[in-house]
Structure formats: C-alpha cells, structure tokens
Amino acid sequence: MATRIDKEPCREAYNLVRDDTSGISWVTFRYDGSVIVPGEQGSSYGEFVNTCSDDIRQYAYVRFTTGDAMSKRVKFALITWIGENVSGLQRAKIGTDKTLVKDVVQNFAKELVITEHKDLDEDYIRGELKKAGGANYDAQTE
C-alpha cells in the first residue's frame with residue numbers, strides 16, 4: 001500500500017513549531033500504518049531525543065535559536081530518524097516518503113538523516129545549523 005500523509009493535522013503541527021508564541025520547539029511525524037501523521041511534540045530538545053527509539057523511523061521538525069555575538073536567529077532542522085532495528089524495506093521507503101513530509105515541512109535550514117543516537121547530540125545539530133547560517137562573527141574566537 002502506498003504511503004500518504006494526513007496533510008492538515010501535519011501542517012497544524014508544523015505551524016506550531018514555526019509560531020514564536022506557541023512554546024513548541026519540535027514535532028515528530030510518525031507512521032500510523034501507511035499514513036504519516038503528527039506524533040509527539042514538546043518544548044525541550046531532550047524530550048525529542050527520547051522519542052527516537054531503535055525500532056522506529058520518524059521525521060522531526062525542530063526549532064533552534066542560533067547565531068553569534070552580532071545576531072541571534074531562529075533556524076529549523078528537518079531530521080529523519082531511522083532506528084537501527086528498522087527493517088530494510090522500511091529504510092528503503094524513507095526517501096520516497098520524505099517527499100510527502102516536505103510537501104508540508106517546507107522551510108528548514110538543514111536536513112539531516114540520523115541513524116545513531118550519538119548524532120542526535122544537540123551541540124552537533126546546532127553546529128550544522130550554524131554552518132548553514134552563513135556569516136559567523138564568532139569565527140575569530142573559534
């Protein structure tokens with residue numbers, strides 16, 4: 001059966017993360033059978049990391065505040081999590097299914113595919129977003 005996405009609920013979850021006043025900084029998009037639906041959401045990156053178990057595949061839209069001494073800005077990451085116990089067939093479908101998610105999640109600075117818990121490290125993700133952000137006025141201190 002072909003995968004589809006429940007667009008309106010997913011769009012509402014996506015907009016919560018983008019909304020500066022919502023307090024929601026991440027949302028997951030999970031599989032419910034062959035339908036991608038909004039999953040969990042929260043305000044702490046650590047809460048998101050706890051949703052990434054070895055037996056699931058999911059997408060996440062995560063908000064970070066980044067920047068340097070001259071400016072702070074909000075950046076978004078689209079993270080594809082593939083647990084180590086996910087079957088080969090499910091892994092293979094991730095690429096094509098991600099296009100459905102990108103129909104809803106359209107604004108992000110960095111896209112990451114992560115399969116190991118160590119790569120979910122918040123400092124690593126922030127570093128990737130900082131690199132994608134362009135000018136870095138803290139460069140002289142690094």
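One is the number of the first residue; the rest follow in order along the sequence. No hydrogens, no waters, no symmetry mates; every other heavy atom, side chains included, goes into these values.
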Heavy-atom side-chain proximity of [X] to [Y] below 4.5 angstrom:
X	Y	value
Thr51	Trp81	no
Glu40	Arg30	yes
Leu16	Val27	no

Could you go through Tyr45 and Phe64, starting from their C-alpha distance and side-chain angles, then the distance that decides it, and tell me whether this counts as ring-ring contact (aromatic ring centres under 6.0 Å, His included)?
CA-CA 9 Å; Tyr45 183 76; Phe64 291 93; 5.4 Å; yes
Pair Thr28-Phe48, side-chain contact (heavy atoms from CB on, under 4.5 Å): steps then yes or no
CA-CA 8 Å; Thr28 61; Phe48 159 65; 3.9 Å; yes
Going only through I, L, V, M, F, W and Y residues with side-chain contacts under 4.5 Å, is there a path from [X] to [Y]?
X	Y	value
Val101	Phe108	yes
Leu129	Trp26	yes
Tyr59	Ile56	no

Can you tell me if Asp121 uses its side chain to pair, donor with acceptor, with the backbone of Tyr124 under 3.5 Å?
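Indeed, once roles are kept as given, a pair shorter than 3.5 Å links the two residues.
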Which pair of non-hydrogen atoms, one from Asn107 and one from Tyr14, has the smallest distance, and what is that distance?
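That would be ND2-OH, 3.1 Å.
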Salt bridge or not for Arg63 and Asp20, using N-O below 4.0 Å?
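A salt bridge is present here (some side-chain N lies under 4.0 Å from a carboxylate O).
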In terms of ring plane angle, is the pair Tyr61 and Phe76 parallel, tilted or perpendicular, where the classes change at 30° and 60°?
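Geometry flag for Phe76 against Tyr61: parallel rings.
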Single hit among Val62, Asp119, Ile114 for side chain to side chain contact (heavy atoms under 4.5 Å, CB included) with Ile125
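When Val62, Asp119, Ile114 are each tested with Ile125, the side chain to side chain contact (heavy atoms under 4.5 Å, CB included) holds only for Ile114.
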